[in-house]
Structure formats: structure tokens, C-alpha cells
**Q** 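Take this structure first; my questions come after.
Every chain is numbered from 1 and lettered A, B, ... according to where its sequence line falls, protein lines coming before strand lines. These numbers come from the heavy atoms of this one structure, side chains and all, not from hydrogens, waters or symmetry mates.
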Number of protein chains: 2
Amino acid sequence: MDDLTEMLKGTLEGCVLEIIGSEETYGYAITRRLNELGFADVVEGTVYTILLRLEKNGLVQVTKRPSGLGPPRKFYALNDAGRKELATFWAKWEYITSRIDKLKEGGK
Amino acid sequence: MDDLTEMLKGTLEGCVLEIIGSEETYGYAITRRLNELGFADVVEGTVYTILLRLEKNGLVQVTKRPSGLGPPRKFYALNDAGRKELATFWAKWEYITSRIDKLKEGGK
DNA sequence: AGCAGTACTCGGTATCACCGAGTACCAGGA
DNA sequence: TCCTGGTACTCGGTGATACCGAGTACTGCT
């Protein structure tokens, strides 16, 4: 699949929130998860910028833990604000997809 | 519904393509159509920038016609390149929505 | 020692939707 | 006559976001 980056604007952050929300995890693993999910071109740098932003916006709780194979990992978990943000993300997603599907059906 | 703009990046252009593809029409009417479809906050300036971009990228054929009530209208119709672009837009859309739905189901 | 895999950082770029102010044309009412 | 409101398009600038690319650092294996 060719370049999806423009269409991922705004949704990729939601995906990362969802992944963090379902399990406390860290950047490198999140990137792998996104890749195996089908977002093959998403690269580490992108995920880390999202992670930094989430942290800056106070949506996650961060815990640093040693790794065993490599430098220490920064584990991310959602806090209350993060869970709330995730919920609004899904609400927006539902809204947009429903409208676009309607448009696609040639609907009024 | 609160601010959707980030999530519309990349998809709004596709919506405009779809609208033009189903009927030769002009900027002001496209804006109204988007508004009544549920994209309430989309404003004329946004649509016109998209239209200019489509024209610049050679995806549309433009015809100017007098209006009767107001200044002349610029009617837009898809050409072959535009129809092709619209098809790839829908392909990308299908792809992304399917992946995100999978993620949402907690799927592997 | 050197290499590959893991793991995070950071400055810069392009694209896109949005903002806001401006221009222009026409109809009907005060 | 003026002026308000609806129609219709233009354009320079802004902010958010994903991407790029290069760099740093730690570990285990050969």
C-alpha cells in the first residue's frame, strides 16, 4: 500500500493511545505492533514523537525499567486524562467514518 | 462534535473528489454539501485551497459559468487522473479503516 | 574487538486544514 | 439611494502532525 501518511494524521496518535491502553508497553514494541497491524511504514521516530507529545500533554504515566537486552525501556500507561482522550478519539473516529461511508453510498 | 480537523487531514480532499466525481459542481456548493453531510466546521477557505490544489495537480477540468446570483462559478469535473486518484483514495480508506477496526477489536 | 539487534532522542521538512481579511456580484428593503 | 444579506472566489499566513535522517547507547554473540 502506498503512502498513507497524510491519512494517518490525527489517527495514529489514537492508535498509540489504544495500544497503550490495552497494555503497559514501550516505544519500540509499539512500533513493532503497528507494523504487524499493517501500518508497515510507521517508523520509530514517528512513534517517539507521539509518545513525547502524550507525555507532554499529561495523558500517560511513564516508568523506566531496565531491559536486559539494550538500554532501559520507558513504559507507558494511560492515566485518567489519557483514557478520556482515548474515548473521545473513538467517538470522533465513529463520527467521521459514519459520515464518509454515507458520502460513499452517495447518501444525502 | 469538537475539533475534527486533524483527523480530516488527507480525507477531506478525498471527500471533495468524491463529490465532484458524482456531479460537476462548484466550490460554494461543495462547502454546503460537506456542511450538510456533517462536516459542519468546514469553511469555504478550506474547500477552495483543496480545489486549487486539485487543479494544480491536474486532477480536474474547470469551466467558468455565469451565475445569475453573484459572481461567476467555477465548475469542477474529474478527468481521468482525478478518477484514478479517487479510486486510490477509497482503496487507502478501506485499508486504514480495516486496520483500525482490527486494532479496536483488540485483534492481532 | 566488532557487529547486530534493541531502544530512545532530536532538529528539520512537507503536507494539510484552518484562519481571516479581502474582492466582487446581485437582489430587495428602508 | 444606500445598505444589508446571500452568493462566490482569492490569498498570505499559522499550527498540528507524521516523516526523515542521523545520532547515542546498551547488550550479547561471534
**Q** To the nearest Å, give me how far apart CD1 (Ile96(B)) and C1' (dA18(D)) are.
**A** 12 Å

**Q** Take atom CG of Asn57(A) as the centre, draw a 6.0 Å sphere, and report whether it contains more than 12 heavy atoms from other residues, nucleotides or ligands.
**A** yes

**Q** Please give, in whole Å, the distance from dT17(D) P to Leu12(B) CG?
**A** 17 Å

**Q** Where the side chain of Lys74(B) is concerned, which of dA8(D), dA18(D), dT10(D) is the nearest nucleotide?
**A** dT10(D)

**Q** Rounded to the nearest angstrom, tell me the gap between atom OH in Tyr28(B) and atom C1' in dT7(D).
**A** 5 Å

**Q** Starting from P on dT6(C), measure out to NZ on Lys64(A) and report it in whole angstrom.
**A** 20 Å

**Q** Just how far, in rounded Å, is C1' of dT10(D) from CG of Leu54(B)?
**A** 16 Å

**Q** Which heavy atom of Leu86(A) sits nearest a heavy atom of Leu78(A), and at what distance?
**A** CD2-CD1, 4.0 Å

**Q** Between the base of dT15(C) and the side chain of Lys9(B), is there a donor-acceptor distance below 3.5 Å?
**A** no

**Q** Could you tell me whether Thr5(A) contacts a base, only the sugar-phosphate backbone, or nothing, with contacts defined as non-hydrogen atoms closer than 4.0 Å?
**A** sugar-phosphate

**Q** Closer than 4.0 Å, any side-chain N/O of Arg53(B) to the OP1 or OP2 of dA17(C)?
**A** yes

**Q** Name the closest nucleotide to the Tyr48(A) side chain, picking from dC16(C), dA18(D), dC8(C).
**A** dC8(C)

**Q** Let me spell it out: for each of Ser67(B) and Pro72(A), pick the nucleotide of DNA chain D with the closest heavy atom. Which residue's pick is nearer the 5' end?
**A** Ser67(B)

**Q** Ile50(B) CD1 to dA17(C) C1': how many Å, rounded?
**A** 7 Å

**Q** Quick one: label Leu51(A) by what it contacts on the DNA or RNA (base, sugar-phosphate, nothing), any heavy atom closer than 4.0 Å.
**A** nothing

**Q** From C-beta outward on Leu52(B), which listed nucleotide comes closest to its side chain: dA7(C), dC19(D), dT10(D)?
**A** dT10(D)

**Q** Side chains of Ile19(A) and Leu34(A): closer than 4.5 Å at any heavy-atom pair?
**A** yes

**Q** Mind checking whether Ile30(B) and Leu51(B) have side chains closer than 4.5 Å, heavy atoms only?
**A** yes

**Q** For Gly45(B) and Glu13(B), take the nucleotide of DNA chain C holding the closest heavy atom to each; which residue's nucleotide lies nearer the 5' end?
**A** Glu13(B)

**Q** Where the side chain of Tyr26(A) is defined as all heavy atoms beyond and including C-beta, which of dC8(C), dC25(C), dT15(C) is the nearest nucleotide?
**A** dC8(C)

**Q** Let me know the distance between CZ of Phe75(B) and C1' of dT7(D), rounded to the nearest Å.
**A** 12 Å

**Q** Once you round it to whole Å, what is the distance between C1' of dC19(D) and CG of Asp41(A)?
**A** 10 Å

**Q** Check every strand shown and say whether Glu44(B) touches a base, only sugar-phosphate, or nothing at a heavy-atom separation below 4.0 Å.
**A** base

**Q** Does Thr49(B) reach a base, just sugar-phosphate, or nothing at all? Heavy atoms under 4.0 Å.
**A** base

**Q** If only atom types and distance count, is the side chain of Asp41(B) paired as donor or acceptor with the main-chain N or O of Asp3(B) below 3.5 Å?
**A** no

